[in-house]
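Working notes, beginning with the structure itself.
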Amino acid sequence: MMSSSHNLLLVTFLVLVFFSSGSWAANNSLHGDFLQCIKKNEYSSIPIPIFTPDNSSFTTIFRSSARNLRFLTPNSTQTPQFIITPTHESHVQSAVVCCQKHGFDLKVRSGGHDVEGLSYVSDTPYVLVDLINFRDITVDLKEKTAWIQAGASLGEVYYQAANKSNNTLGFPAGFCPTVGVAGHISGGGFGALVRKYGLASDQVIDARIVTVDGKIYTKETMGKDLYWAIRGGGANNFGVLLSWKVKLVPVTPVVTVATISRTLEQGATDLVHKWQFVADRLHEDVYIGLTFSVANSSRAGGKTVSVQFAFLFLGGSDRLLELMEESFPELGLKRNETTEMKWVESHVYFYARGRPIELLWDRDHATKSFLKIKADYVREPISKSGLEAIWRRFVGGDSPAMLWTPFGGRMNDISEFETPYPHRAGNIYNIMYVGNWLNETESEKQIDWMRRFYNSMSRYVSKNPRSAYINYKDLDLGVNSNNVSQAVRYVQARSWGTKYFKHNFERLVKVKSMVDPSNFFKNKQSIPPVSTWGKQ
């Protein structure tokens, strides 16, 4: 075993290697003090990879997994003072303690899919902890569980679960394989298995988290309130999530997938209307999600709405065809439109059809773009006339998209208070609105259209509150103000917090007040502490 003095030499050497000029830290006492803290901190027994803007790799690392170009333009982004890429839990502990001691904000990035950039940008001087090298996955076949480090991607989890279990185990989470598990699971997380097994966060059976005191806590030691809060309430409000222990779920050796597209001229309105009455009531092994886009109409120069019906069925095509004939014959699903494959292969099918399975652990393939996302939940079917009004507005956008994800099934069985994620029974489907563009000059126009379209949908979706989804974060709902009292900040946060969490927001505030009363873990839409609540 290495001596502490030898470890300190290694840390010093590593830091010096990462400083290409050596002058940057020497001319800045605050930064020098931070580095000394990192080197000397009691948790740092293993060399800590740390980068400054002087290092040639700094910009590459910063931009590597930041997915939204809105937060990567020179005029929109303040870059971190340091980037730490942990390889050991102690590195995260040191980052927490030293950032507090020296007045830096702390941002933690897992997959980089935070759509408002809150995991990797800040308005004040900050340190970025990028978990790119913190992504081990350990599968226990006997227990049918997995320990997953926070930097792992969903694609890596899917591949490891299937590979280790000979395609008999899976994990119910989102469609995009490059999404990181830390934020996805801590906000809920749903995909094509949501009707069968519920949310990704519903599968959590243990966790490891660093809180404001720099200590590591597990389910056994963190207490029931914090354990409840991190499973759907956004773990970054309360600490730095290190790893999840999750249940893996049974999947059939063969699943059936299908994709059918229909335009308005092909009867899409009637089909979408009928879908609203069956999608959440089908057998729980059946998932039919909808994706909407704008396409050229059969009329010269005209535009129409194209609707893609995407199927995943846990079983063979014969049984799926029987179920569709019983419940949704109007769609006319045919055998030659279906494909049987392994469950893990379905994630490539839905995300990038035709690509090899290796895509699931390729974190760098995703195309970056300018992005704005909003969300809604629908509790009552929208009438045909309502759908037609939606189509008229939708075709006025510049390449907009919507994804409608059906619920029902297992989601109806879990109380809205079981975890912070409250959007359970009574919600027919979730809507994800996506604005996606490639030129910065279009940003104002695209975001303005998205906001107007979202406002026009208010009559059709949930009310009091109009619900939203924390994993599709939307700063238009409201933001925290600096330099205001706790009481004012709480009132501000309640305006958006009740949309994400409904009545669970109040309990999240109480947990925050107990575990992070100084509000160290904060962002523009973080849960605020109220000092008097933490003493209750």
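FYI, the numbering just counts along the sequence from 1. Every value quoted in this text rests on a predicted model; they were computed, and no experiment measured them. These numbers come from the heavy atoms of this one structure, side chains and all, not from hydrogens, waters or symmetry mates.
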Is there a side-chain contact between [X] and [Y] in this structure, where contact means two heavy atoms from C-beta onward sitting under 4.5 Å apart?
{"X": "Tyr469", "Y": "Tyr421", "answer": "yes"}
{"X": "His102", "Y": "Leu30", "answer": "yes"}
{"X": "Val348", "Y": "Ile357", "answer": "yes"}
{"X": "Ile61", "Y": "Phe51", "answer": "yes"}

Could you tell me the separation between the CD1 atom of Ile50 and the CD1 atom of Ile83, rounded to the nearest 0.5 Å?
-> 10.0 Å
Starting from the C-alpha separation in whole Å, work towards a yes-or-no answer on side-chain hydrogen bond (donor to acceptor under 3.5 Å, both in side chains) for Tyr500 and Gln525.
-> CA-CA 11 Å; Tyr500 290 136; Gln525 258 187 11; 2.7 Å; yes
Would you please name every residue forming a disulfide bond (SG atoms under 2.5 Å apart) with Cys99, sequence neighbours left out?
-> none
May I have all residue pairs that pass salt bridge (charged side-chain N to carboxylate O under 4.0 Å, His left out) and include part of residues 119-134, sequence neighbours excluded?
-> Arg109-Asp130, Asp123-Lys524
With sequence neighbours excluded, residues passing salt bridge (charged side-chain N to carboxylate O under 4.0 Å, His left out) with Glu116 | Arg70, Lys372
Closest non-hydrogen contact found for Leu72 with Ala66 is CD1-O, 3.6 Å
Give me the one residue out of Glu380, Lys499, His423, Arg379 that meets side chain to side chain contact (heavy atoms under 4.5 Å, CB included) with Ser462.
-> Arg379
Only one of Thr211, Asp516, Val210, Ile230 passes side chain to side chain contact (heavy atoms under 4.5 Å, CB included) with Phe238, and that residue is Ile230
Are a donor atom and an acceptor atom from the side chains of Gln78 and Ser122 found within less than 3.5 Å of each other?
-> no
Using 4.0 Å as the upper bound for N to carboxylate O, is an ion pair formed by Arg452 and Asp448?
-> yes
